[in-house]
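Structure record follows, encoded as structure tokens.
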There are 2 protein chains.
Amino acid sequence: MDRRQEILEAATKSFSLFGYKATTMDQVAKIANVGKGTIYTFFANKEELFHEIVFTMIKEMKAKKDGVISEERTFQENAHLVLMKMLEFREHHALLAKLISEEKEMKTPVVQAVLVQVEQEIVKYIAENIQTAIDKDEIKQVDVELVAYLIFKAYMAFAVDWQLTHNDSLTEEKIVEVFQDTIFASLIK
Amino acid sequence: MDRRQEILEAATKSFSLFGYKATTMDQVAKIANVGKGTIYTFFANKEELFHEIVFTMIKEMKAKKDGVISEERTFQENAHLVLMKMLEFREHHALLAKLISEEKEMKTPVVQAVLVQVEQEIVKYIAENIQTAIDKDEIKQVDVELVAYLIFKAYMAFAVDWQLTHNDSLTEEKIVEVFQDTIFASLIK
DNA sequence: GAATGACCAAAAAACCACAACAGTCATTTA
DNA sequence: TAAATGACTGTTGTGGTTTTTTGGTCATTC
């Protein structure tokens with residue numbers, strides 16, 4: 001396998017396991033079985049390496065979403081499927097979870113900045129999908145940006161925050177059900 | 001005015017302005033124009049003084065809510081009015097805002113604990129009101145606890161979080177509109 | 001007998017010596 | 001001879017220690 005890819009995989013593993021701050025370039029080099037200097041022939045610095053990985057993650061999510069949405073299905077059905085995929089995604093992707101906890105515990109500025117970007121990216125996607133549905137006259141006219149923000153925050157609340165104050169984690173089915181009962185239900189015409 | 005009240009007001013002022021950690025008992029004594037020892041004849045310690053103040057704030061909110069809800073109005077109307085009152089409340093009460101930012105920046109355990117309590121208290125009230133509406137057959141049967149949690153998180157998202165990533169603050173009318181369009185709309189039968 | 005502020009122990013801030021780190025570059029390797 | 005390397009360097013962060021601040025007490029005052 002090419003060295004660039006090896007480095008990316010080693011770094012992803014380390015970022016997911018230890019977070020951004022606790023990952024050292026020496027460590028990445030060791031895991032990737034390359035000299036430290038080699039990393040710097042492919043990536044300008046630690047931050048750029050990190051950005052590349054997060055960007056890859058976002059692309060992965062986008063791909064998952066696009067693989068699920070179908071023109072033939074109703075908004076409600078599509079929304080249900082996308083939400084399910086995202087909820088599955090969360091568990092498989094240790095990186096996002098680690099970054100969120102790292103931001104809360106220490107408040108690493110680089111991580112903070114990247115999470116804001118991820119948030120904006122996701123809200124943008126949700127907004128685009130809502131707008132499409134409105135244009136197709138599938139759902140009623142609402143303030144797209146605000147509703148997209150609401151959906152994102154609701155998602156994070158159930159998928160991440162809930163288990164912090166309650167000691168049981170919510171099942172995917174339960175979360176999807178609340179979305180269907182409330183926000184999604186209100187949007188369809 | 002009685003000394004106890006003077007102390008409470010001084011402490012409220014200081015907690016609102018500087019937060020919990022940065023408020024010293026010497027400072028409170030000076031603002032209240034009493035000796036430091038006097039504070040301890042009324043309150044066992046700093047934490048109890050703090051709790052009393054936060055508890056007073058919750059009672060104030062409860063009173064505001066009870067003054068607005070009316071048996072004659074529909075759920076939608078009542079929800080609208082309560083939400084408006086809460087949104088007005090947010091601006092007047094600098095204390096809550098300060099505590100939330102203090103929890104985010106440093107993570108003072110006392111503040112954290114108190115905010116969890118406030119959250120649980122508020123979610124409990126919302127849940128009670130939803131249950132009442134269900135019993136009266138005004139809204140459809142939903143998972144009360146989850147919907148209450150959703151409403152609380154949505155409220156916090158729009159009232160507090162929004163302005164952190166966007167640089168404009170949302171008007172009360174706009175926030176109420178989203179609630180009406182989405183969550184509230186979906187609940188009515 | 002209620003109020004006070006000097007006082008004390010405990011916690012936090014300031015300091016500093018030292019270690020760990022990101023990033024470089026002369027040397028090595030293939 | 002171009003790519004890879006790891007010893008090296010300046011900077012940032014950490015841990016242990018001293019100094020300061022703070023919550024809480026209590027003998028004295030009013």
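Every chain is numbered from 1, with letters handed out A, B, ... down the list of sequences.
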### Query
B:Glu48 has an atom CD; how far is it from atom C1' of D:dG24, in whole Å?
13 Å
### Message
Ring of A:Phe152, cation from A:Lys124 - is the NZ or CZ under 6.0 Å from the centre and inside 45° of the axis?
### Response
no
### Task
Report the C-alpha distance between A:Glu52 and A:Arg4 in whole Å, list the side-chain angles of each, state the deciding distance to 0.1 Å, and finish with yes or no for salt bridge (Lys or Arg N to Asp or Glu O under 4.0 Å).
CA-CA 12 Å; A:Glu52 171 110 7; A:Arg4 192 189 144 88; 2.5 Å; yes
### Task
May I have the distance from A:Tyr40 (atom OH) to D:dG6 (atom P), rounded to whole angstrom?
15 Å
## Note on the structure
Nearest-nucleotide check on DNA chain C, A:Ala44 vs A:Ala22; residue mapping nearer the 5' end is A:Ala22
### Query
Is the ring centre of A:His93 less than 6.0 Å from the ring centre of A:Phe89?
yes
### Task
Could you state the atom-to-atom distance from CG of A:Leu49 to C1' of C:dG23 in whole Å?
13 Å
### Task
Round to the nearest Å and state the distance from B:Lys46 atom NZ to C:dA12 atom C1'.
12 Å
### Query
How long is the line joining CD of A:Glu47 and C1' of C:dC21, in whole Å?
15 Å
### Integer-rounded Å distance: D:dT22 C1' and B:Phe18 CZ
16 Å
### Query
How about A:Glu145: does its CD atom have over 12 heavy atoms from other parts shown lying under 6.0 Å from it?
no
### Query
What is the distance, rounded to the nearest whole Å, between atom CE of B:Met25 and atom C1' of D:dT25?
12 Å
### Task
Spell out protein contact along nucleotides 3-11 of chain C as letters: B when the base is contacted, S when just the sugar-phosphate is, - when no protein heavy atom is under 4.0 Å; keep the 5' to 3' order.
SBB------
### Query
Reckon B:Lys21 touches a base, only the sugar-phosphate, or nothing at all at heavy-atom distances under 4.0 Å?
sugar-phosphate
#### Entry: More than 12 heavy atoms of other groups within 6.0 Å of A:Glu71 CD
no
### Query
Is the NZ or CZ atom of B:Lys65 positioned over B:Tyr125's six-membered ring, under 6.0 angstrom from the centre and within 45° of the axis?
yes
